[in-house]
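Inspection log for the structure reproduced underneath, given as structure tokens.
Computed from a predicted structure; not experimentally measured. Computed over heavy atoms, backbone and side chain alike; hydrogens, waters and symmetry mates excluded.
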Amino acid sequence: MTPEDVEETIEAAIEECEATVERARGDHDDDHLRATVVSPAFEGLSLLEQHDLVYDALGEAMTTDVHALELTTRTPEE
């Protein structure tokens with residue numbers, strides 16, 4: 001999956017979401033990505049629950065197309 005594909009997948013699954021995804025820097029393969037996801041859907045959720053929401057949005061891709069995902073999540077107010 002390209003970073004753009006990952007962005008679209010996350011944004012389609014999480015309410016009022018804005019995702020920014022790029023390749024992680026360093027000596028990584030192309031399947032190492034860095035994502036920042038902002039959504040009011042994260043309000044009142046723990047960090048673990050927020051991350052689980054993103055992982056659920058990516059579904060099977062997390063085990064087949066994305067090897068590693070550096071993830072930052074926050075609400076629009078944060």
Side-chain angles (χ1 to χ4, degrees):
M1 290 181 93
T2 68
E4 294 79 16
D5 292 335
V6 174
E7 284 178 7
E8 290 173 13
T9 301
I10 295 169
E11 289 175 348
I14 300 176
E15 179 182 335
E16 299 179 43
C17 171
E18 182 177 329
T20 304
V21 181
E22 60 189 11
R23 302 241 182 253
R25 295 189 180 133
D27 295 330
H28 301 296
D29 297 326
D30 285 343
D31 55 359
H32 283 69
L33 302 174
R34 175 181 298 123
T36 300
V37 184
V38 180
S39 174
F42 297 143
E43 189 69 40
L45 299 180
S46 70
L47 185 60
L48 179 61
E49 291 169 323
Q50 293 175 20
H51 287 202
D52 282 345
L53 197 59
V54 175
Y55 296 140
D56 289 345
L58 290 170
E60 183 73 22
M62 281 304 300
T63 59
T64 58
D65 297 318
V66 178
H67 178 73
L69 182 64
E70 296 175 31
L71 187 56
T72 301
T73 55
R74 59 179 175 258
T75 65
E77 291 79 29
E78 294 180 306

Set of side chain to side chain donor-acceptor pair (under 3.5 Å) partners for Glu16, sequence neighbours left out: none

Got a list of side-chain donor-acceptor pairs under 3.5 Å for residues 2-12, not counting sequence neighbours?
residue	atom	partner	partner atom	Å
Thr2	OG1	Glu4	N	3.4
Thr2	OG1	Glu4	OE1	3.4
Thr2	OG1	Asp5	N	3.0
Thr2	OG1	Asp5	OD2	3.2
Asp5	OD2	Thr2	N	3.2
Glu7	OE2	Val21	N	2.8
Thr9	OG1	Asp5	O	2.8
Glu11	OE2	Ala19	N	2.9

Who are the side-chain contact (heavy atoms from CB on, under 4.5 Å) partners of Ala61, not counting sequence neighbours? Met1, Asp65

All side-chain contact (heavy atoms from CB on, under 4.5 Å) counterparts of Leu71, not counting sequence neighbours: Ala35, Val37, His51, Val54, Tyr55, Leu69, Thr73

Quick one: does Thr36's side chain get under 4.5 Å of Arg74's, heavy atoms only? yes

Ile14-Val38 co-clustered via ILVMFWY side chain contacts under 4.5 Å: no

Provide the full list of salt bridge (Lys or Arg N to Asp or Glu O under 4.0 Å) pairs with a residue in residues 35-48, sequence neighbours left out, each pair given once. none

With sequence neighbours left out, what residues match Ser46 under side-chain contact (heavy atoms from CB on, under 4.5 Å)? Leu48, Glu49

With rounding to the nearest 0.5 angstrom, report the CD to CG distance, Glu22 to Leu33. 9.5 Å

Excluding sequence neighbours, so at least two apart, what forms salt bridge (charged side-chain N to carboxylate O under 4.0 Å, His left out) with Glu18? none

Which heavy atom of Pro76 sits nearest a heavy atom of Pro40, and at what distance? CD-N, 3.5 Å

